[in-house]
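First comes the structure, then the notes that go with it.
Note that the structure is predicted; figures quoted are calculated from it, not measured. Any value given below was found using the heavy atoms of this structure, including those in side chains, with hydrogens, waters and symmetry copies removed.
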Amino acid sequence: MRRLFSNFAHGLPGVGLFIMRLAAGIALIVRGVTGLPPGPSPDQTALEVLAMAGGILLILGLWTPIAGLVVAIIQLWATLYKPADPWTLILLAALGGGLALLGPGAWSMDARLFGWKRLNFHERKS
């Protein structure tokens with residue numbers, strides 16, 4: 001996973017990525033919950049559930065490049081499927097694609113699981 005992005009940004013860039021992840025994730029979850037169809041529409045329900053799962057992964061910062069790519073594809077597909085409000089979907093697709101390319105930042109599960117590790121070797125006393 002570490003090979004997908006060069007660095008887990010610390011400082012203000014890391015905070016910016018965290019804010020982007022929160023905004024995209026919350027919007028995806030709210031949009032998914034309010035967009036669930038009342039009747040049995042399996043294709044629409046699957047799109048909304050996938051979008052909500054991508055939003056949860058983005059908030060956590062877990063598998064961010066994969067989740068961002070999935071979110072971008074789903075939202076772009078939804079612009080063709082539901083042309084009523086394309087600009088919100090395009091914005092969410094851009095956020096997902098941007099996060100997929102930039103990575104999650106230092107405040108993420110990816111950084112904790114796959115970030116650079118420091119190994120401390122202690123001298124052995126004889």
Side-chain angles (χ1 to χ4, degrees):
M1 184 66 77
R2 183 177 32 182
R3 293 182 185 180
L4 294 177
F5 29 82
S6 62
N7 195 347
F8 293 99
H10 293 281
L12 289 179
V15 173
L17 289 170
F18 179 67
I19 292 170
M20 283 177 60
R21 286 191 353 252
L22 276 180
I26 291 170
L28 286 165
I29 292 169
V30 169
R31 191 161 178 82
V33 169
T34 59
L36 284 174
S41 175
D43 54 346
Q44 180 67 22
T45 302
L47 277 177
E48 298 298 341
V49 168
L50 281 174
M52 287 188 294
I56 291 169
L57 289 175
L58 286 179
I59 288 174
L60 294 175
L62 184 62
W63 302 330
T64 306
I66 297 165
L69 181 64
V70 167
V71 163
I73 291 170
I74 289 171
Q75 297 306 311
L76 288 176
W77 179 263
T79 58
L80 302 174
Y81 188 71
K82 298 187 300 185
D85 181 24
W87 296 112
T88 304
L89 299 173
I90 291 170
L91 177 64
L92 288 172
L95 279 172
L99 287 168
L101 294 172
L102 291 172
W107 295 1
S108 66
M109 293 298 294
D110 283 341
R112 300 287 178 241
L113 295 173
F114 308 112
W116 295 102
K117 306 287 189 241
R118 176 178 286 174
L119 300 175
N120 293 324
F121 295 103
H122 299 288
E123 274 191 38
R124 201 168 189 204
K125 295 181 182 180
S126 328

Check the hydrophobic clustering (I, L, V, M, F, W, Y; side-chain heavy atoms under 4.5 Å; chains of links allowed) and say if Leu28 and Ile90 are grouped together. no
Exercise: identify the closest heavy-atom pair between Pro86 and Thr79: O-CG2, 3.9 Å
Can you tell if the side chain of Arg31 reaches within under 4.5 Å of the side chain of Leu92, non-hydrogen atoms only? yes
State plainly whether one hydrophobic cluster holds both Leu91 and Leu102, where clusters connect Ile, Leu, Val, Met, Phe, Trp and Tyr through side-chain heavy atoms under 4.5 angstrom apart. no
What distance do Ile56 atom CD1 and Ile29 atom CD1 have between them, rounded to the nearest 0.5 Å? 4.5 Å
Applying the side-chain contact (heavy atoms from CB on, under 4.5 Å) test to Ile73, which of Leu69, Leu76, Val70 qualifies? Leu69
Heavy atoms of Ala93 and Ala72 approach each other most closely as O-CB, 3.5 Å
With a 4.5 Å cut-off on side-chain heavy atoms, are Ile59 and Leu22 touching? yes
When every non-hydrogen atom of Gly54 is compared with those of Ala67, the smallest separation belongs to O-CB, 4.3 Å
Taking every heavy atom of Ala100 against every heavy atom of Pro65, the minimum-distance pair comes out as CB-O, 3.4 Å
Nearest-0.5 Å distance that lies between atom CG in Leu50 and atom CE in Met52: 9.0 Å
Verify side chain to side chain contact (heavy atoms under 4.5 Å, CB included) between Leu58 and Thr64, making sure each step is shown before the conclusion. CA-CA 6 Å; Leu58 286 179; Thr64 306; 4.1 Å; yes
When every non-hydrogen atom of Glu48 is compared with those of Gly32, the smallest separation belongs to OE1-CA, 3.2 Å
Hydrophobic cluster membership, with links at side-chain heavy-atom distances under 4.5 Å among I/L/V/M/F/W/Y: are Leu89 and Val71 in one? no
Under the 3.5 angstrom rule, does the side chain of Arg21 hit a backbone N or O of Pro104 as a donor-acceptor pair? yes
